[in-house]
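Report on the following structure.
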Amino acid sequence: MEDSYEPTPPRPSTGKAADQCEDRSFWKGDLLSVSAIAVLTGTTILGRHQAGFRTPGWLSFDIAVGVVSCGLILLLRRRPIQAALALAALAALSPAATPPSTVGTLTVAQRRPLRVAALVALAGTLGHLVQGLWRPIHGLNLAWYVVLDVAVHAALLGWGQWTQARRALLHSLRERALRAENEQGRRVAEARTLERTRMAREMHDVLAHRLSLLATYAGALEYRPDSSPEKLAQAAGVIRSGVHQALDELREVISVLRDSEIEELPGGRPQPTFGDLAALVDESRDAGTEIRYDEAVTAPESLPPATGRTAYRVVQEGLTNARKHAAGRPVTVVVKGRPGGTLQIELTNPRGNGVPLTPGSGTGLVGLTERVQLAGGTLDHGETGGGFRLHASLPWPA
């Protein structure tokens, strides 16, 4: 039989002194086990010889077998199958090998699969059967001896397999707990990454629009220094007001990210919805952008709030990009849809001069695409016909 199942794992080394201490504990435990079995072996020899075997030759033979059997106990840890089979063979010769053979059968049942353990238990049963035929116990019928022999080895086999199954279960539970702990750590790391991504996307959607408006007004001040004092003061006031609004929106975004289910911002204002599109367009017009806005939406009040917010962000991102990359060029915004169909949003603008008004990170459309996909829609964007086109399609359940 191959002795390769469930190899004994190497003991971790933590230093020479620790290894020596562990080796002393290892041998100390084995010596204690051998001492206990030796006491049982001696008791068995005395009991059997007092019951009828008083021949000096048999006594010397049993003592010799007992010494060899106790020595084989030391091999059970590293070579359990070979040592157990040897003990079963010695048990066929002398009752002095019965206690060590019993330990060998139990050890194999605890450390090897059922098929191997059953064969070893069968060898032990046959060895003791030969012993019962050759050197019967005084006053015990052979039939009862056979029944006890089979019952004891079956009990040893069952006990050992139960112990092995319990050990495997505990090991599995420990592994599962370790995997669950590692999985929890991975989920926490993923949650942090997702939260940072959401924060970056929200800040881009909200602040990029506001800051691009401020850049437009600041550019007007820079290139028209000959404007009247009233217009300069008005533009400066708009910039100051825009900065305050940007700071307020930054606080609102952080508050929203702390509670993703919030529907109202800290200042009491609701989050932007589809109904705020007209105000968004007017705000961009006031900043000097020429916008043609065409809305053909049936029953806009039935549009889900989440879909409305996504539509608002699509138009906001499109206007922001048009203001950055095609400043001074007209923008066309077309919004149409109905319940039970889809909400279609399209923004087009001519190509700019190639110099962006403000630098961008290039991740706005990436985050917008993710937002639209999470809403169950699709987003297409790219150059077309000498300009740029942004098109979003969002589901609108009936």
Side-chain angles (χ1 to χ4, degrees), residues 1-14 22-41 44 69-92 95 97-132 144-187:
M1 302 174 194
E2 236 183 328
D3 192 15
S4 59
Y5 177 80
E6 194 184 348
T8 303
R11 290 173 291 162
S13 176
T14 56
E22 186 176 356
D23 289 339
R24 285 196 296 269
S25 299
F26 177 82
W27 289 110
K28 183 179 179 181
D30 275 0
L31 291 176
L32 288 176
S33 301
V34 172
S35 300
I37 296 170
V39 171
L40 292 176
T41 301
T44 302
S69 300
C70 291
L72 288 174
I73 295 295
L74 297 175
L75 297 178
L76 282 174
R77 188 181 295 271
R78 300 189 181 278
R79 295 288 185 271
I81 297 177
Q82 293 86 340
L85 291 176
L87 289 171
L90 290 175
T98 295
S101 177
T102 302
V103 174
T105 302
L106 179 61
T107 301
V108 173
Q110 289 176 337
R111 301 179 59 184
R112 294 296 180 263
L114 177 61
R115 181 177 62 86
V116 176
L119 292 176
V120 172
L122 178 61
T125 303
L126 293 177
H128 283 82
L129 180 60
V130 172
Q131 179 195 135
W144 280 109
Y145 180 86
V146 173
V147 171
L148 290 176
D149 183 22
V150 173
V152 168
H153 283 85
L156 291 173
L157 178 64
W159 183 14
Q161 289 293 299
W162 176 83
T163 303
Q164 184 181 151
R166 182 175 180 274
R167 187 187 305 120
L169 176 61
L170 293 178
H171 178 73
S172 174
L173 292 177
R174 283 194 296 268
E175 290 291 330
R176 188 179 302 176
L178 182 60
R179 285 196 300 268
E181 184 178 353
N182 295 334
E183 181 71 13
Q184 179 65 19
R186 186 184 63 82
R187 289 179 180 176

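All of these numbers come straight from a predicted model, not from anything done at the bench.
- Proximity of Gln82 to Leu75: side-chain heavy atoms (C-beta onward) are nowhere separated by under 4.5 Å.
- Thr102 contributes atom OG1, which lies 9.5 Å from atom CD1 of Ile37 (distance to the nearest 0.5 angstrom).
- Gln161 places a side-chain N or O within 3.5 Å of a backbone atom of Arg112 that can act as its donor or acceptor partner.
- In terms of modelled atom types and a separation under 3.5 Å, the side chain of Asp149 and the main chain of Tyr145 share no donor-acceptor contact.
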For the pair Val150 and Leu129, evaluate side-chain contact (heavy atoms from CB on, under 4.5 Å) and give the outcome as yes or no after the intermediate values. CA-CA 9 Å; Val150 173; Leu129 180 60; over 6 Å; no

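- We find the CG-NE2 distance between Leu169 and His171 to be 11.0 Å, quoted to the nearest 0.5 Å.
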Under the criterion side-chain contact (heavy atoms from CB on, under 4.5 Å), I'd like the reasoning laid out for Arg111 against Arg77: C-alpha separation, chi angles, the key distance, then a yes or no. CA-CA 10 Å; Arg111 301 179 59 184; Arg77 188 181 295 271; 4.2 Å; yes

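- The shortest heavy-atom contact between Ala84 and Val120 is CB-CG1, 3.7 Å.
- Around atom CD of Glu181, no more than 12 heavy atoms belonging to other residues, nucleotides or ligands sit under 6.0 Å away.
- Heavy atoms only, all atoms of each residue included: Pro80 and Thr107 are closest at CB-CG2, 4.4 Å.
- Inter-residue side-chain proximity for Thr105 and Leu87 is flagged as unmet; no heavy-atom pair is nearer than 4.5 Å.
- Across all their heavy atoms, Ala86 and Leu72 have their closest contact at CB-CD1, 3.9 Å.
- Atom CZ in Arg79 sits 13.5 Å away from atom CG in Leu85 (nearest 0.5 Å).
- A distance-only check finds no donor-acceptor pair linking the side chain of Gln110 to the backbone of Thr163 [under 3.5 Å].
- Across Ala83 and Leu76, no two heavy atoms sit closer than the pair CB-CD2, 3.6 Å.
- Separation of atoms CD (Gln164) and CH2 (Trp159) is listed at 14.5 Å; rounding is to 0.5 Å.
- Contact detail for Pro100 and Ser69: the closest heavy-atom pair is CG-CB, 3.6 Å.
- In this structure, the side chain of His128 engages the main chain of Gly124 through a donor-acceptor pair within 3.5 Å.
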